[in-house]
Amino acid sequence: MNVQIPITILSDEKGYFDRECPNPDCLYTFKIKMQDWQEKVSDEEVHCPMCGHVDTSDKWWTQEQITAQEKIAEEWALNYARQMLNNTFKKIADSTRHNKYVKFTYKPYRTINFRNNPIGQREEWETEITCEQCGTQYSVIGSAYFCPCCGFNSANQVFFDTMERIAIMLDTLPGMRAYLEELNNRDDADSICRGLLESTIGDIVSAFQKYAARRYEILSGTDNVRVNDFQIIDKGSQMFRELCGDGYDKWLTSDELVYLKMLFQRRHILEHNSGIVDQRYIDQSGDASYNVGQRIVVHERDARRLLAIVQKLGEGLKLLEKH
Ligand SMILES: [Zn+2]
Ligand SMILES: [Zn+2]
C-alpha cells in the first residue's frame with residue numbers, strides 16, 4: 001500500500017522555514033525564506049550555513065518537524081485502521097442482517113476526521129542575512145558562514161559579526177572578572193582576563209586579514225591572494241591603492257594608522273614571541289614605551305581602540321569599488 005499523507009508546512013510570521021544540518025557533528029539549525037527554499041534552492045545541493053556540509057534537499061528536517069510528522073503519520077494510520085475496521089464490520093453486519101441464525105450487530109467507532117496540524121515554526125530569530133550572490137534570505141542565531149542556497153561565504157558578514165562579538169565580549173569582561181574572582185581568586189581571574197584580552201587582539205587582526213584578502217580577491221577578480229599580505233598595514237594599503245585608487249589613509253587619520261600598525265606588531269609579538277619585546281618590534285613599530293625584554297601589556301582600552309579603527313577601515317573597504 002502506498003499512502004500519501006498530506007502535510008501542510010507553514011512558515012513563521014516572517015515567512016521563514018526551519019531547517020537543520022544533517023551532518024551529525026553539526027546539527028546546526030537555521031531558517032530560510034520559504035519562498036527561496038521552494039524557488040531557488042536546488043534538490044541536489046543545500047549548504048549548511050555553519051559547517052558548509054552539502055546534501056540533497058530532503059535531508060534537512062529539524063527534530064521538531066520529524067516528531068510532528070511522525071505524530072501526524074501515526075494519527076493518520078490509526079484513523080485509517082479504524083475506518084477499515086468500521087467498513088469490514090459494517091459489511092458483516094449488513095450480510096447477516098437477514099440471517100435468522102447469526103446476528104451481528106455493530107456499532108461503529110465514531111469517525112475521526114483526519115486533520116493535519118500544520119507544522120509551525122519557532123519564534124523569529126535575530127540575525128537576518130541576504131546572500132550577496134544569489135539573494136536568498138536566511139536567518140541564524142549568532143553568525144553563519146555559508147549561504148544555504150549557493151554556498152557563498154560572505155566575508156562581509158563574518159567580519160562585521162566577529163567585530164560585534166568582540167565588542168560584546170569586551171562589554172562583559174568586567175562582569176566576567178568579578179564572577180571569576182568570586183569563583184577562584186584574584187590572581188586566576190586576572191590571568192584569565194588578561195589572556196582573553198590578548199586573544200581579542202589576535203582575533204581582531206586575523207578577522208581583518210581574512211576580510212581584507214577576500215575584499216581584494218573580489219575587487220581584483222583573482223583568487224590567489226595571500227592573507228599574510230594584509231598583516232602588514234602599509235603593504236595592504238598599497239595593494240588597495242594600486243587596485244582601486246584608495247589606500248587606508250582615505251578612512252583613517254595618520255594617528256589611527258600609526259596606532260593600527262603598532263597594535264598589529266604587538267599582536268605579532270604576543271603570538272610569536274610570548275609577548276616579549278625584541279629589537280625588531282621596537283624598530284618596526286616605533287613604540288617607545290617598551291624596552292627589549294619587557295612583556296607587552298594589553299589594556300581594555302587598547303582592544304577597544306583597535307576594534308574601532310579596524311571596524312572603520314572595514315566599512316571603508318566594504319564601499320571600495322574597482323576603478
Ligand atoms: Zn552543518
Ligand atoms: Zn547565496
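Values below: every heavy atom of this structure, side chains too, minus hydrogens, waters and symmetry copies. Throughout, residue positions are numbered sequentially from 1 according to the sequence presented. All figures in this text were calculated on a predicted structure; none of them were measured in a lab. First listed ligand is number 1; within each ligand, the first listed atom is number 1.
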Side chain to side chain contact (heavy atoms under 4.5 Å, CB included) assessment of Y248 paired with K312: CA-CA 10 Å; Y248 298 170; K312 195 167 155 192; over 6 Å; no
Pairing of R194 and D190 as salt bridge, 4.0 angstrom limit: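 Answer for the salt bridge query: yes.
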Pair [X]-[Y], side-chain donor/acceptor within less than 3.5 Å:
{"X": "Q137", "Y": "E128", "answer": "no"}
{"X": "D283", "Y": "Q279", "answer": "yes"}
{"X": "D287", "Y": "S289", "answer": "yes"}
{"X": "Q311", "Y": "E315", "answer": "no"}

Working for side chain to side chain contact (heavy atoms under 4.5 Å, CB included), residues M34 and Y16: CA-CA 5 Å; M34 185 65 109; Y16 283 108; over 6 Å; no
Neighbouring protein N, O or S atoms of the Zn ion (ligand 2) [cut-off: under 2.8 Å, no waters]: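 The answer, once waters are left aside, is C131 SG, C134 SG, C147 SG, C150 SG.
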Joint cluster assignment, L317 & L219, ILVMFWY side-chain distance < 4.5 Å: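 L317 clusters together with L219.
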The Zn ion (ligand 1): protein N, O or S atoms that are less than 2.8 Å away, sorted by chain: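 Result, waters dropped: C21 SG, C26 SG, C48 SG, C51 SG.
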R295 and L270: CA distance, side-chain angles, deciding distance, side chain to side chain contact (heavy atoms under 4.5 Å, CB included) verdict: CA-CA 9 Å; R295 192 174 188 285; L270 285 166; 4.3 Å; yes
